[in-house]
Amino acid sequence: MSNGWKLKASDITINKSGNSNSTENADFYGTNAALIVTKGTVTVKNSTLETNKTGSPIIYSTGKITVDKVNGTSNNAQAVVVEGKNSAKGNRGSNNKTDSSGVMIYQSASGDAGEEAGTFTSNDLTISIDKNSSYYKSSPMFFVTNTNAKINLKSTKLEFGSAVLLSAKTTNEWGKSGSNGGNVTMNLKDEDIEGNMEIDDISSLTLNLTNSTLKTTINNNNTAKSIKLKLSSNSKIILTGDSYITNLDDEDESYSNIDLNGYILYVNGKKLDI
């Protein structure tokens, strides 16, 4: 006999409205309440989801959440929030649109989520920040603060207007000043995307490309604590501005898969000569 339990529901509609401010509300209604939120394990398939209240993302994970063929729209919050040592995963053609930002990974002081790395995984997914949103030109697609994070993207389409693919930095809202940055590992596989990496002086990035092309400016202000870049021989990086990294691991020893595009790539303080 199983020690757990499983709930399966089909052909249902979940409406999110009301004035409650608690994500602990059983109906998940109101402001600051995600539509899918759990401390356990949840899988949602073949669904259409929408939130309209401030601070109410489609997914808020303090557990393990997987969505498969889900169309979601978040009109006043992130599409996905992962808190602490937890995960959210989207598969196969899901389309998640959001108003205020894309995906946020962080650690709060609520005690709801275990510490260590939070994980977001996307496979054949589309994530869009709405062009009509007032946040369209300012919100990064991924924002990480006060935690370690892993972002895995495979065959994923990203639509956003800020030109910032990743922002990892401190804020005044969570954590202890001086130690509340974002330490990110981003794995790109079978990707062709564009966006800059903004990393502050208490944050770090490990960026791994496999069979992928990335147009980017990395750490343009030379502020990051550390930036590690790893390229497979069938990957390519095209610079859109001067970039600063601390470590380069390229399977192509000739660096023919690095297109400086008229800019400079500094590796541990030294100009890369190609």
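Only heavy atoms go into these numbers, but all of them, side chains included; no hydrogens, no water, no symmetry mates. If you read the sequence from its start, that first residue is 1, and numbering goes on from there.
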Exercise for the section: Report yes if some heavy atom in the side chain of Leu248 is under 4.5 Å from a heavy atom in the side chain of Tyr255; otherwise report no. Expected result: yes

Problem - Minimal non-hydrogen separation, Ala224 against Asn219, with atom names - result: N-OD1, 3.1 Å

Practice task
Ignoring hydrogens and angles, tell me if any N or O in the side chain of Ser179 forms a donor-acceptor pair with the backbone of Lys176 under 3.5 Å.
Solution key: yes

Practice task
Mind listing the closest non-hydrogen atom pair of Lys228 and Thr246 along with its distance?
Solution key: N-OG1, 4.3 Å

Handout entry: Interatomic spacing from CE in Met197 to CD1 in Ile227 - rounded to 0.5 Å
Key = 8.5 Å

Handout entry: Min side-chain heavy-atom separation Asp252-Leu231 under 4.5 Å
Key = no

Exercise for the section: Would you confirm whether Glu251, through its side chain, and Ser232, through its main-chain N or O, come within 3.5 Å as a donor-acceptor pair? Expected result: no

Exercise for the section: Indicate yes or no for a side-chain donor-acceptor contact from Ser212 to the backbone of Asp190 under 3.5 Å, with no hydrogens or angles considered. Expected result: yes

Practice task
Keeping the roles fixed (side chain from Asn257, backbone from Ser235), state whether a donor-acceptor pair exists under 3.5 Å.
Solution key: yes

Practice task
Classify the side-chain pair Asn220/Asp242 by whether it contains a donor and acceptor separated by less than 3.5 Å.
Solution key: no

Practice task
Check step by step if side chain to side chain contact (heavy atoms under 4.5 Å, CB included) holds for Lys169 and Phe143.
Solution key: CA-CA 8 Å; Lys169 63 180 182 180; Phe143 176 63; 3.8 Å; yes

Handout entry: Pairwise side-chain contact, Leu260 with Ile274, heavy-atom cut-off 4.5 Å (strictly under)
Key = yes

Exercise for the section: Please tell me if the side chains of Tyr263 and Ile238 come closer than 4.5 Å, counting only heavy atoms from C-beta onward. Expected result: no

Exercise for the section: Indicate yes or no: at least one non-hydrogen side-chain atom of Asn187 is less than 4.5 angstrom from one of Leu153. Expected result: no

Problem - N/O donor-acceptor pair under 3.5 Å between Ser128 side chain and Glu159 backbone - result: no

Handout entry: NZ (Lys225) with more than 12 external heavy atoms under 6.0 Å
Key = yes

Exercise for the section: Say whether, by atom type as modelled, one donor and one acceptor occur between the side chain of Ser256 and the main chain of Ser254 under 3.5 angstrom. Expected result: no

Exercise for the section: Would you indicate whether the side-chain heavy atoms of Asn180 and Thr147 approach each other to under 4.5 Å? Expected result: no

Handout entry: Nearest-0.5 Å distance, CG of residue Leu229 to CG of residue Asn247
Key = 8.5 Å

Exercise for the section: Look only at the side chain of Thr156 and the backbone of Ser122, and say whether a donor-acceptor pair between them is shorter than 3.5 Å. Expected result: yes

Exercise for the section: Would you tell me whether Ser139 and Ser162 have side-chain atoms, one donor and one acceptor, within less than 3.5 Å of each other? Expected result: no

Exercise for the section: Kindly determine whether Met141 and Ile193 satisfy side chain to side chain contact (heavy atoms under 4.5 Å, CB included), including the steps that lead there. Expected result: CA-CA 12 Å; Met141 178 51 68; Ile193 55 178; over 6 Å; no

Handout entry: Ile218 and its side chain to side chain contact (heavy atoms under 4.5 Å, CB included) partner, picked from Ile237, Leu165, Asn196, Leu265
Key = Ile237

Practice task
Output the distance between atom NZ (Lys215) and atom CG (Asp259), rounded to the nearest 0.5 Å.
Solution key: 9.0 Å

Problem - Salt bridge present between Lys189 and Glu191 (N-O < 4.0 angstrom) - result: no

Exercise for the section: Scan Thr119, Asn208, Thr121, Asn123 and name whichever one has a side-chain hydrogen bond (donor to acceptor under 3.5 Å, both in side chains) with Asn152. Expected result: Thr121

Problem - Remaining members of the apolar cluster that contains Ile264, side-chain heavy atoms under 4.5 Å - result: Tyr244, Tyr266

Exercise for the section: Give a yes-or-no answer on whether the side chains of Thr223 and Asn221 include a donor-acceptor pair shorter than 3.5 Å. Expected result: no

Exercise for the section: Report the C-alpha separation of Val144 and Leu166 in whole Å, then their side-chain angles, then the decisive distance to 0.1 Å, and conclude whether the side chain to side chain contact (heavy atoms under 4.5 Å, CB included) test is met. Expected result: CA-CA 8 Å; Val144 179; Leu166 171 68; 4.2 Å; yes

Solution key, residues 199-206 side-chain donor-acceptor pairs under 3.5 Å, sequence neighbours excluded:
from: Asp200; atom 1: OD1; to: Ile202; atom 2: N; distance (Å): 3.2
from: Asp200; atom 1: OD1; to: Ser203; atom 2: N; distance (Å): 3.3
from: Asp200; atom 1: OD1; to: Ser203; atom 2: OG; distance (Å): 2.6
from: Asp200; atom 1: OD2; to: Thr170; atom 2: N; distance (Å): 2.8
from: Ser203; atom 1: OG; to: Ala168; atom 2: O; distance (Å): 3.3
from: Ser203; atom 1: OG; to: Gly182; atom 2: N; distance (Å): 2.9
from: Ser203; atom 1: OG; to: Gly182; atom 2: O; distance (Å): 3.4
from: Ser204; atom 1: OG; to: Asn183; atom 2: OD1; distance (Å): 2.8

Problem - Met104 vs Phe142 side-chain heavy atoms within contact, under 4.5 Å - result: no

Handout entry: Leu207 and Leu188: CA distance, side-chain angles, deciding distance, side chain to side chain contact (heavy atoms under 4.5 Å, CB included) verdict
Key = CA-CA 8 Å; Leu207 180 60; Leu188 306 181; 4.3 Å; yes

Practice task
Check whether any side-chain heavy atom of Leu214 sits under 4.5 Å from a side-chain heavy atom of Leu209, and report yes or no.
Solution key: yes

Exercise for the section: Spell out, yes or no, whether Tyr135 and Val164 are grouped together once hydrophobic residues are joined by side-chain heavy atoms under 4.5 Å, including indirect joins. Expected result: no

